[in-house]
Protein chains: 2
Amino acid sequence: MDIEHYIEELFAKGHEKYLPHLSVDCVVFGFHDNELRVLLLKQRNVKQWALPGGFIKRSEPLEGAARRILEERTGMNDVFLRQFETFGATQRSSAKANEQFIQGLSFKVSESWLYDRFLTIGYYALVEYYKVKAVPDIFSEECRWHNVHKLPKTIHDHGEIVRRAWESLRIHLNYYPVGYNLLPEKFTMPELQKLYETILDRPLDRRNFQRKILSTGILQRLDEVKAGVAHKAPYLYKFHLANYEKALKTGLGFNL
Amino acid sequence: MDIEHYIEELFAKGHEKYLPHLSVDCVVFGFHDNELRVLLLKQRNVKQWALPGGFIKRSEPLEGAARRILEERTGMNDVFLRQFETFGATQRSSAKANEQFIQGLSFKVSESWLYDRFLTIGYYALVEYYKVKAVPDIFSEECRWHNVHKLPKTIHDHGEIVRRAWESLRIHLNYYPVGYNLLPEKFTMPELQKLYETILDRPLDRRNFQRKILSTGILQRLDEVKAGVAHKAPYLYKFHLANYEKALKTGLGFNL
DNA sequence: CCAAAAGTGTTTAAAATACACCCATGC
DNA sequence: GCATGGGTGTATTTTAAACACTTTTGG
């Protein structure tokens, strides 16, 4: 099988192409059905899920690796991406933890760089849910969104990594604007609020939220209302890109 | 020479003991003469300074490596230590950049794991200035404190790393208490304020600062005043450890 | 016509800021 | 005795939080 061949090659010779002992894992956040979701890959031969991850080419910038991995899994480039932590506990990954996966392979590898200890550099990404064309990697049979509140069983410390990414994102939310990468171009105020509430995991006052978010100047209201909805149609907004970019740089001393 | 032998061994066989391509660098902050200072090492054969850094033993936790490195350079354990960023640009380190150092060695090494690309995981530490017994490492001839405002020429991206660490510390300051690891056991309110002003790099109002910091409950005033000072003697304070620890965990939604 | 969601402003409380006078000490 | 820095409190402004009624629409 083609993929098995690919995997065998990676086990045997991956260290020639990639830096050993190092991986990059991406926590890809998307927003859908009023849920904050992360993209996870279902490992072959194993009933566990994993973060989209990969290795760093020997002469590839660290962030470049993260962007490449992200593009491979989601088809997207130019997404919001932020490094948040590097995980380096000794027990965090091991050949043991991968045993089940390895045993399911059709070939035998008695030694491989992939059996070594790995440190992983964690990035989180914010992406527009509908724009993602999720594709599994060679280790996986499926790529699916999961509600951050109901994560399935994960390999290694990937559950913890998601938790930490979410934590970083919550803090991030109080410094920088968020949403451009998580919402469609046009969106309503209640949608934006839901996004914030979902990330912060608590309800916000409708009126206070609107006042504060508008005061930042990152939004512009359109002369359009959302069509085809029950009840009163809410206005559509889009981000004021110049102000949004500025706020990304200078921050917006915000407190929701 | 003994040290040269040590270095030669490290060049030749270090990769057996340490993870390749990875280093840990520590930005050690101390506070003295109303200055925020960082500990830097003067490299042998080179007119440049470097952060205290080192490598990760093959079965050593990442943070453990940082603590070991810190203890080796400062003689201190149990200091405040926080990972803040991992630096992985391709051009950040190279054999070229180390050329001068290598040429100064009495032996020749044509190949070494140390010539490879390195990613470095950045930690910053907060330490009590007077408790530090700074000792150079094998690559250095001197270990000295430098004012963060007047950093000397550094190797690689170490200047940038200091800048980023300081930035992280400034943000940190608005979430968590700081000072226990930077000040002597007993200190005065003006001293604490100077520390905050120095880290934030801007003046703070005396009365407002005192009110806010006291309202957190992390301080306890002693029935003692500072002796041997000109002018009115300020009270001495110490940290209320239980409250301080609690604040380290739960944070103190602070805004100076 | 009514249930459900959106639009809009005001009042109140809390927090941040600005500011001034007295006190103790070393010189 | 005076210059210097430390101690203390209040008034003002700004920001956050709480809160209710009206409007629109689909069913």
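Letters A, B, ... are given to chains in the order of the sequence lines, protein chains preceding strands, and every chain is numbered from 1.
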Provide the full list of salt bridge (charged side-chain N to carboxylate O under 4.0 Å, His left out) pairs with a residue in [range], sequence neighbours left out, each pair given once.
range: residues 240-256 of chain B; value: none
range: residues 164-190 of chain B; value: B:E85-B:R164, B:R163-B:E167, B:R164-B:E167, B:K186-B:E224
range: residues 145-158 of chain A; value: A:R92-A:D157
range: residues 127-136 of chain B; value: B:E128-B:K131

Item to complete: Give the ring-plane orientation class for B:Y176 versus B:H172, where under 30° counts as parallel, over 60° as perpendicular and anything between as tilted.
Response: tilted
Worksheet item: Name the stems with DNA chain D in them: runs of three or more consecutive Watson-Crick or G-U pairs, distances under 3.5 Å?
Response: C:1-27 with D:1-27
Worksheet item: Of all nucleotides in DNA chain C with an atom under 4.0 Å from a non-hydrogen atom of chain B, which is the first and which the last going 5' to 3'?
Response: C:dA16 to C:dG26
Taking only residues two or more places apart in sequence, or in another chain, which ones meet [X] in a side-chain hydrogen bond (donor to acceptor under 3.5 Å, both in side chains)?
X: B:Q193; value: B:E197
X: A:T74; value: none
X: B:E142; value: B:R144

Fill in: For B:E63, salt bridge (charged side-chain N to carboxylate O under 4.0 Å, His left out) partners two or more places apart
B:R67
Item to complete: List for me each residue that meets salt bridge (charged side-chain N to carboxylate O under 4.0 Å, His left out) alongside B:E141, sequence neighbours excluded, and say none if there are none.
Response: B:K42
Discussion item. So if I define the base as every atom that isn't primed, P, OP1 or OP2, how would nucleotides 7-18 of chain D read as a B/S/- string at a heavy-atom cutoff under 4.0 Å?
Written reply: BBBB------BB
Worksheet entry | A:H231 NE2 - D:dT22 C1' separation (whole Å) | 17 Å
